[in-house]
J.: 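For reference, the structure I am asking about is given below.
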Amino acid sequence: MSRIRNPEWKEDQLLKGKLEECVLQKYSRKEILVIVKKQFSQYGWSLRSLTDRLKHFDIRYIDYEVSLASVYRAVQEELDGPGSQLGYRAITQKVREVHKLKVPRDVVYNVMRDLDPDGLASRGDVGVSKKKKREKRFASQGPNSTMSLDGHDKLCGFQKATFPLCIYGGQDCYSGKIHFLKIWTTNNHPNVIGKFYYDHLYENLVLPTTVRIDRGSETDLLTTIHCLLHRKKETFETERKLMGVGVQYGPSTANKIERWWRELHHRMEKYFKEQLRSLLDNGDYDRTSISDRNILAFIYIPVIQKELDIFKETVWNHSRGRKQINKELPTGIPNFIYDNPEEFGAFECGTMISREDMMEVAEKCDIQDMNRFDFLDEDDLEFFSSFVDVDLIKPNDASEAYKYIKQRVAERQQHLESSLS
């Protein structure tokens with residue numbers, strides 16, 4: 001006779017899928033217990049019942065039947081792409097989540113040491129003591145108390161104008177969770193930045209109490225959206241308090257997400273910077289050519305956006321942060337901290353909003369739909385798309401795809417000139 005009174009869980013595929021997802025993301029059993037108690041409250045839960053159910057569904061943290069050859073293939077695939085900038089902990093997370101191989105971290109470390117010993121040492125220097133960092137503390141009351149938003153221009157090159165590849169992102173200051181990372185041809189146009197923030201709110205329907213941003217015209221629409229929603233919800237007693245607490249301005253150097261950009265730069269962007277620098281140095285790319293800039297954006301924006309999404313969730317939001325001395329904010333898996341603040345003595349600080357609220361704001365602010373190729377005219381988009389499907393391009397093929405499209409454009413131009421002569 002089963003020790004668990006309600007046997008319906010045995011046929012619950014949603015429960016099985018959730019448990020498998022949590023195990024792949026390396027949540028501890030205590031953390032999984034918090035999650036399933038909320039999402040599957042129809043069943044009785046304890047650590048013992050959780051263990052029994054994991055055993056029933058044959059879900060294990062480590063799968064000892066995974067072949068070493070498949071681990072080598074997965075690690076090599078990552079090392080051939082943007083994963084070449086990651087350390088062994090982040091590669092392990094990608095091997096588990098992206099490649100679905102539940103192997104221990106030491107196996108991935110040994111495979112990386114075999115395939116790329118010099119790269120492993122240069123990225124991690126495992127065992128080497130790090131120099132002491134300055135002590136600077138940041139405090140927050142809970143998730144959605146403060147969202148830090150800022151632009152990132154490392155891929156843009158010299159004077160932020162060489163390549164049309166600009167990133168903008170938002171981070172929850174309490175949990176460290178990255179809410180969104182977006183890449184487009186600009187990150188200093190108010191309509192673009194405002195649309196990024198609007199899309200995030202429309203999807204999640206939680207309004208942060210405070211936004212921490214740079215003072216500049218690029219955040220005008222973002223600020224307007226934020227203030228209109230708070231006025232509608234009457235979050236703040238006075239307009240002065242809304243503008244003083246709801247919106248906080250300051251330099252990028254004092255913005256929390258600004259410190260996080262270093263993670264992205266060293267662990268992903270360097271891979272693409274090498275490709276871009278090669279195109280420039282070899283004469284394949286002319287920064288003054290509108291055609292070259294459009295082709296580059298057409299190829300690289302979808303490719304990098306896909307990698308940003310993977311990095312955001314797998315490498316960062318699902319990864320357990322290391323404990324830090326004197327850190328007042330909680331340490332752990334950002335997604336878990338964000339979803340379960342009560343486990344850390346905090347509370348949800350955001351304000352719930354509705355799709356109707358968002359539609360009303362969109363009408364007042366005249367927010368327009370924007371797709372990833374709005375920077376191209378329809379003829380160029382159709383012509384480029386006739387040769388490649390950008391959603392199928394792998395990161396290590398991006399530069400060749402760019403050169404291929406550029407060659408086709410040159411042939412079209414020659415054909416037009418010959419037909420006119």
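The first residue of the sequence shown is numbered 1, and numbering continues consecutively from there.
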J.: Regarding Lys195 and Asp199, does a basic nitrogen lie under 4.0 Å from an acidic carboxylate oxygen?
T.: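 Between Asp199 and Lys195 there is a salt bridge, with a charged N closer than 4.0 Å to a carboxylate O.
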
J.: Is the ring pair Phe373/Phe375 parallel, tilted or perpendicular, if the boundaries are 30 and 60 degrees?
T.: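 Phe373 and Phe375: perpendicular rings.
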
J.: Between Asp374 and Arg372, does any NZ, NE, NH1 or NH2 come within less than 4.0 Å of an OD or OE carboxylate oxygen?
T.: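 Asp374 and Arg372: not salt-bridged.
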
J.: Would you confirm whether Arg96, through its side chain, and Lys102, through its main-chain N or O, come within 3.5 Å as a donor-acceptor pair?
T.: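 No: the side chain of Arg96 does not pair with the backbone of Lys102.
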
J.: Treating Gln171 as the side-chain partner and Gly176 as the backbone partner, does any N or O pair qualify as donor plus acceptor under 3.5 Å?
T.: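 Yes; judged by distance alone, with no hydrogens or angles, the pair exists.
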
J.: Test salt bridge (charged side-chain N to carboxylate O under 4.0 Å, His left out) on Lys160 and Asp153; report intermediate values, then the result.
T.: CA-CA 6 Å; Lys160 303 180 182 179; Asp153 304 310; 3.5 Å; yes

J.: On the 0 to 90° scale, with breaks at 30° and 60°, tag the Trp316-Trp260 ring pair as parallel, tilted or perpendicular.
T.: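 Perpendicular: the ring planes of Trp316 and Trp260 meet at over 60°.
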
J.: For the residue pair Ile213 and Leu222, what are the closest heavy atoms and their distance?
T.: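 So the minimum-distance heavy-atom pair works out to CG2-CD2, 4.3 Å.
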
J.: Would His266 and Tyr271 count as a ring-ring contact (aromatic ring centres under 6.0 Å, His included) here? Give the steps.
T.: CA-CA 9 Å; His266 286 284; Tyr271 175 81; over 10 Å; no

J.: Looking at every heavy atom in both Thr162 and Gly157, which two are closest together, and how far apart are they?
T.: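 Result for this residue pair: OG1-C, 3.8 Å.
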
J.: Can you tell me how the ring of Tyr168 sits relative to the ring of Phe180, calling it parallel under 30°, perpendicular over 60° and tilted otherwise?
T.: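 Tyr168 vs Phe180 ring planes: parallel.
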
J.: Centroid-to-centroid, His56 to Trp9, below 6.0 Å?
T.: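 Yes, the ring centres sit under 6.0 Å apart.
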
J.: Given 3.5 Å as the limit, does a donor-acceptor pair link the side chain of Asp286 with the main chain of Thr288, or not?
T.: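 Yes, because the side chain of Asp286 sits within donor-acceptor range (under 3.5 Å) of the backbone of Thr288.
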
J.: Is the closest side-chain heavy-atom distance between Ile405 and Ile299 below 4.5 Å?
T.: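 In short, these two side chains touch, coming nearer than 4.5 Å.
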
J.: What closest approach, in Å, do Tyr61 and Ser28 show between heavy atoms, and which atom pair accounts for it?
T.: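 Smallest interatomic distance, heavy atoms only, reads OH-C, 3.6 Å.
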
J.: Which of these passes side-chain contact (heavy atoms from CB on, under 4.5 Å) with Leu86: Leu79, Ile91, Thr92?
T.: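 It is Ile91, the one option of Leu79, Ile91, Thr92 that forms the side-chain contact (heavy atoms from CB on, under 4.5 Å) with Leu86.
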
J.: Give me the atom names and distance for the closest heavy-atom approach of Cys227 to Val247.
T.: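 Shortest heavy-atom contact: SG-CG2, 3.9 Å.
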
J.: Does Lys154 pair with Glu269 as a salt bridge, N-O distance under 4.0 Å?
T.: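 No.
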
J.: I would like to know whether Glu31 and Arg320 meet salt bridge (charged side-chain N to carboxylate O under 4.0 Å, His left out); could you show each step before the answer?
T.: CA-CA 12 Å; Glu31 289 167 339; Arg320 188 180 303 278; 2.9 Å; yes

J.: If you look at every heavy atom in Leu165 and Leu155, which pair is closest and at what distance?
T.: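 Residues Leu165 and Leu155, closest heavy atoms: O-CB, 3.7 Å.
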
J.: Does the Asn317 side chain pair with the main chain of Ile178, one donor and one acceptor, at a distance under 3.5 Å?
T.: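 Pair found, side chain donor or acceptor close to backbone of Ile178.
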
J.: Relative to each other, are the rings of His226 and Tyr197 parallel, tilted or perpendicular (30° and 60° limits)?
T.: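 Tilted, since the angle between the ring planes falls between 30° and 60°.
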
J.: Compare every heavy atom of Ile295 with every heavy atom of Lys406, then report the nearest pair and how far apart it is.
T.: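 Closest pair (atom of Lys406, atom of Ile295, distance): CA-CD1, 3.8 Å.
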
J.: Decide, yes or no, whether a salt bridge links Lys233 with Asp357 under the criterion of side-chain N to carboxylate O below 4.0 Å.
T.: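 Judged by the 4.0 Å cut-off on N to carboxylate O distance, Lys233 and Asp357 do form a salt bridge.
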
J.: Yes or no on side-chain contact (heavy atoms from CB on, under 4.5 Å) for Cys22 and Ile35, after CA distance, side-chain angles and deciding distance?
T.: CA-CA 9 Å; Cys22 290; Ile35 294 170; 4.0 Å; yes

J.: Just so I know, are the side chains of Arg287 and Phe163 near enough to count as touching, which here means a heavy-atom distance under 4.5 Å?
T.: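 A side-chain contact under 4.5 Å is absent here.
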
J.: Starting from the C-alpha separation in whole Å, work towards a yes-or-no answer on salt bridge (charged side-chain N to carboxylate O under 4.0 Å, His left out) for Arg277 and Glu274.
T.: CA-CA 5 Å; Arg277 189 182 301 113; Glu274 291 174 1; 5.8 Å; no

